[in-house]
Amino acid sequence: MLRLSEEVAAAVEEGQAVVALESTLISHGLPYPQNLEIALALEAEVRAAGAVPATIGVVGGTPTVGLAPAELERFATGGAAVRKLSRRDLAACIVQGANGATTVAATMALAAAAGITVFATGGIGGVHRDAARTWDVSADLIELARTPVLVVCAGAKAILDLPATLEYLESLGVPVVGYGTAEFPAFYSRSSGLPLPARADHPEEVAALWTAQRLHSAVAAPGGMLLCVPPPHEVALPSATVEATISRALARAEAAGVRGPAVTPFLLAAIAEETGGESIAVNVALLRQNARVAARVARALAARPW
Ligand code: PSU
Ligand code: MN
């Protein structure tokens, strides 16, 4: 039903620190060969920080937690042959024996099924800018409301409506915590001007918040929590530049009539082209940082008495 690699199964069994990683960013978020490099680099970051990485995807119809290096390579080179799997797509992929890369929503579902509660990604999906017309709101938000996984990210992708995304998370009762910041980061930029309700500056504080959210008898809720880490200073882009680029990318998507799951990959590729690859450098740097932070939090959790 659910295949765990030997290493991941042993680590979960022994209560060691484990960090889940997603595969949509490998198959549909970044170009080859950077995608394979980053897939391997994220696992290395998690290991270097003392935790066990578990990259998640569906291989030949089998939900897999802890992809092998050859499988990571297949996901990085597969292109459109590897499906983009959100929550709704899992059952069909399993029944049809297909390969599928899991989004944040689908990765959370499989991580929780495997007993993993910490997950690192780049930017989550959210409310799209034209959502009032298209109803395009990522399933990532709904999954955060119902699946007990802490998602470490750089906020929601800047192509989205960030204020609306925060509003939606509030409605769903999902705690959003800034890591070393009191502001919602804007993925490519450090600042969005949107204040966050909570802040933590150390892995132990995050572990305490996440433990209370899951287990405190008076407030425990069924869902997840979002930890937002701003992109590193050295690579973050100024918001004004990013906004101009995003407007052009959105206009291109509109002209091309792109809809549904294709929207996010299209916009990420258009922005990479418009910035001459600079956006990819930011994406890669923030992913590595998020993997490190997630590993430290997972270690702090493993060290807690409850
Ligand atoms: N973060 C990245 N690159 C990505 C994604 C996130 O840096 O490609 C993916 C995630 O898998 C996320 C998905 O869940 O984009 C959101 O897609 P949609 O907007 O269709 O829900
Ligand atoms: Mn969507």
Side-chain angles (χ1 to χ4, degrees), residues 20-32 34-35 38-39 41-42 55-58 75-76 79 82-90 100-111 119-144 147 149 151-162 164-165 168-169 185-189 224 226 228-231 235-237 242 246 249-250 253 258-272 275 279-291 294:
L21 299 164
E22 60 147 309
S23 45
T24 287
L25 72 91
I26 303 172
S27 296
H28 303 287
L30 291 165
Y32 180 81
Q34 284 103 324
N35 58 354
I38 192 65
L42 293 181
T55 307
I56 293 179
V58 178
F75 274 56
V82 179
R83 300 179 184 185
K84 177 181 169 185
L85 303 182
S86 189
R87 171 63 121 150
R88 63 165 188 186
D89 307 306
L90 287 170
T102 48
T103 63
V104 168
T107 303
M108 287 179 74
L110 297 181
F119 163 27
T121 185
I124 61 161
V127 179
H128 282 259
R129 295 187 183 198
D130 53 358
R133 181 173 57 87
T134 61
W135 290 75
D136 192 350
V137 176
S138 177
D140 294 354
L141 302 185
I142 316 293
E143 200 64 35
L144 277 160
T147 300
V149 173
V151 179
V152 181
C153 65
K157 277 178 291 255
I159 54 175
L160 301 164
D161 184 334
L162 297 186
T165 298
Y168 206 104
L169 286 166
F187 192 64
Y188 297 121
S189 326
L226 204 58
C228 300
V229 189
V235 294
L237 301 173
V242 175
I246 290 172
L250 288 167
V258 183
R259 291 279 179 277
V263 171
T264 298
F266 180 95
L267 290 173
L268 292 175
I271 291 168
T275 60
S279 67
I280 291 178
V282 188
N283 206 337
V284 163
L286 66 84
L287 279 164
R288 294 180 79 127
Q289 177 174 256
N290 294 348

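Start at 1 and go down the list; that is how both ligands and their atoms are numbered.
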Could you measure the distance from the OG1 atom of T121 to the CD atom of E22? Nearest 0.5 Å is fine. 3.5 Å
Compare all side-chain heavy atoms of L144 with those of I124 and state whether any distance is below 4.5 angstrom. yes
Would you tell me which option among P265, A156, G123, A269 has the nearest heavy-atom contact to atom 2 (C) of ligand 1? G123
Show which atoms of ligand 1 fall inside a sub-4.0 Å distance from at least one heavy-atom site of H128. 19 (O)
Between the main-chain N or O of G126 and the side-chain N or O of T165, is there a donor-acceptor pair closer than 3.5 Å? no
Looking only at non-hydrogen atoms, which of E22, H28, K84 approaches atom 17 (O) of ligand 1 most closely? K84
Gap separating the NE2 atom of H128 from the CH2 atom of W135, nearest 0.5 angstrom: 15.0 Å
Does S23 use its side chain to pair, donor to acceptor, with the backbone of A101 at less than 3.5 Å? no
Which is closest to atom 21 (O) of ligand 1 by heavy-atom distance: G29, S138, G125, A105? S138
The atoms of ligand 1 lying under 4.0 Å from a heavy atom of T103, numbered in the order shown, are 11 (O), 14 (O)
Do any N or O atoms from the side chain of S279 and from the backbone of T275 form a donor-acceptor pair under 3.5 angstrom? no
Numbered in order shown, the ligand 1 atoms found under 4.0 Å of a heavy atom of F187 are 7 (O)
Please classify the V104 to ligand 1 contact at 4.0 Å (heavy-atom distances, strictly less than): side chain, backbone, both or neither. both
Evaluate L286 against V229 for side chain to side chain contact (heavy atoms under 4.5 Å, CB included), listing each step before the verdict. CA-CA 8 Å; L286 66 84; V229 189; over 6 Å; no
Contacting atoms of ligand 1, where contact means under 4.0 angstrom from a heavy atom of N283: 7 (O)
Atom indices of ligand 1, in the order listed, that fall short of 4.0 Å to a heavy atom of D140: 12 (C), 14 (O), 16 (C)
for atom 15 (O) of ligand 1, nearest protein heavy atom and its distance come out as K157 NZ, 2.9 Å
Any heavy atom of L268 under 4.0 Å from ligand 1? The part involved is side chain
In D136, what N, O or S atom is nearest to the Mn ion (ligand 2), if we give its atom name? OD1
I'd like to know if the side chain of R129 reaches the main chain of L160, judged simply by a donor and an acceptor atom lying under 3.5 Å from each other, with no hydrogens or angles considered. yes
Among L30, L267, T264, whose heavy atom sits nearest atom 19 (O) of ligand 1? T264
For T107, which part has a heavy atom under 4.0 Å from ligand 1: side chain, backbone, both, or neither? neither
Would you say CZ of F266 has more than 12 non-hydrogen atoms from neighbouring residues, nucleotides or ligands within 6.0 angstrom? yes
